[in-house]
There are 2 protein chains.
Amino acid sequence: MALDPDHVLRSAAALLTRKSTATMDEVAKAAGISRATLHRHFAGRDALVRALESLGIEECEAALDAARLDEGPAGEAVHRLVREIEPAAGLLAFLYTENQLFEGEEQNQGWTRIDERIAALFRRGQAAGEFRIDLTPAWLTEALYGLLASGAWAVSEGRVAPKDFTHMIVELLLGGALRRQEP
Amino acid sequence: MALDPDHVLRSAAALLTRKSTATMDEVAKAAGISRATLHRHFAGRDALVRALESLGIEECEAALDAARLDEGPAGEAVHRLVREIEPAAGLLAFLYTENQLFEGEEQNQGWTRIDERIAALFRRGQAAGEFRIDLTPAWLTEALYGLLASGAWAVSEGRVAPKDFTHMIVELLLGGALRRQEP
DNA sequence: ACCAAATGAGACGTCGATGTCTCATCACGG
DNA sequence: CCGTGATGAGACATCGACGTCTCATTTGGT
């Protein structure tokens, strides 16, 4: 009976985040279904990865919407963004390292849109004098992705407590490691 | 005649950083040798990856030595470290995402040593009152890896100028994105 | 010039993953 | 109670990558 395709994608994301070379059979077992059923829902491994990519884009855009990036101080908007995107961080980390997605020049336009929205947030912060201007928005965007991936990986390895995920990323991204005397 | 194995490893690292699923044949072509010769130097794909891992560890430790992590302010030591490690960043980025290396519990002890040396640097900075103490040394270490990988990736994609690599990483890691009025 | 070693090209066989197929079983609705 | 549809289990062929091998050619040293 109509199996929940979303559940399959979640399981696949969780597994592939840990083992990006997992077999279709392993993906199926992880989702608690048979390989045949997995193939009935997703034409092949490529289709599965594409579906994961679409899911990742959806969740990213949902997080971007929920974070209301154009409201209030940019720093607080970054904080909201990381908090909203945290549940999808594992999936993002997988997609981030799946450079196969970008081999063809046909880079999914969804990512371009997301990149642009995040970069716009950093630009806004710079224009407001809130963020420093010697770090380009493109780099800050890239660094955010990298820290999200590192954070997801560190949590799954037990090196960082899950509850500290957002704090660690936001504080490092915005405040850096140096100690300061003020707020 | 004695082909330069180091050159092969460099080529392989450069290729695998961009396309982690590259074939042995592609690796050989990238190095300008035949697949047969590649097999004569490295027993198999696994051996090749292991050799890359050893090379990465060597370069990391060389960078750690050259950066003299226990001299002067910790912040400056971090700066030296990133500068020294920059040439190896691409290789590091590849190894960082090659989670296959850590599937077996048999995590290469070299990484443990490197992790510990970097974490010790952050601990030293914290003890000296130079770094904030709400970000754990383990997380700062992980974040450094993530930023190095993001930086290498951003440079190879043309989103960041190569000459800005060290500055972008060090400034973000130490100072964060927020603008400050001091030093 | 000669010899030894290394290389390149290519031909295999092997193996694992994939994709497709069939058939038995099970769940749910009429 | 029966029938339709989805699922699970497994067989099967295909395909790509791998690893090994041979043989001709080239390179470098003597």
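Per chain, numbering begins at 1; letters A, B, ... match sequence-line order.
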Quiz item: Between D:dG8 and A:Thr37, is there an OP1 or OP2 to side-chain N/O distance shorter than 4.0 Å?
Solution: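 Looking at the OP1 and OP2 atoms of D:dG8, one of them is under 4.0 Å from a side-chain N or O of A:Thr37.
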Exercise. Verify the contact: side-chain N or O of B:Thr23 to OP1 or OP2 of D:dA17, cut-off strictly under 4.0 Å; return yes or no.
Key: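 Yes.
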Whole-Å gap separating [atom2] ([N]) and [atom1] ([X]):
| X | N | atom1 | atom2 | answer |
| --- | --- | --- | --- | --- |
| B:Lys29 | C:dT7 | NZ | P | 17 Å |
| B:His39 | C:dC12 | NE2 | P | 18 Å |
| B:His41 | C:dA5 | NE2 | C1' | 12 Å |
| B:Asp4 | C:dT7 | CG | P | 11 Å |
| B:Arg45 | D:dT20 | CZ | P | 15 Å |

Quiz item: Do the side chain of A:Arg40 and the base of D:dG8 come within less than 3.5 angstrom through a donor-acceptor pair of N or O atoms?
Solution: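 Yes.
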Self-check item: Geometric cation-pi criterion, A:Arg159 with A:Trp153: 6.0 Å, 45°
Solution: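 Output yes; distance and angle both within limits.
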Quiz prompt | SB check B:Lys19 B:Glu26 (cutoff 4.0 Å) | solution =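 Salt bridge: yes.
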Quiz item: Considering heavy-atom distances to DNA chain D, does A:Leu38 or A:Arg35 have its closest nucleotide positioned more toward the 5' end?
Solution: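 Nearer the 5' end of the strand: A:Leu38.
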Exercise. Would you please say whether a donor-acceptor pair under 3.5 Å links the side chains of B:Glu86 and B:Thr166?
Key: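 Yes, a side-chain donor-acceptor pair sits under 3.5 Å.
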Quiz item: Would you say the side-chain atoms of A:Arg83 and A:His79 include a donor-acceptor pair closer than 3.5 Å?
Solution: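 Judged by distance alone, the side chains do pair up.
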Quiz item: Given that B:Ala36 and A:Asp25 both sit by DNA chain C, which one's nearest nucleotide is further toward the 5' end?
Solution: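 Final value for this comparison: B:Ala36.
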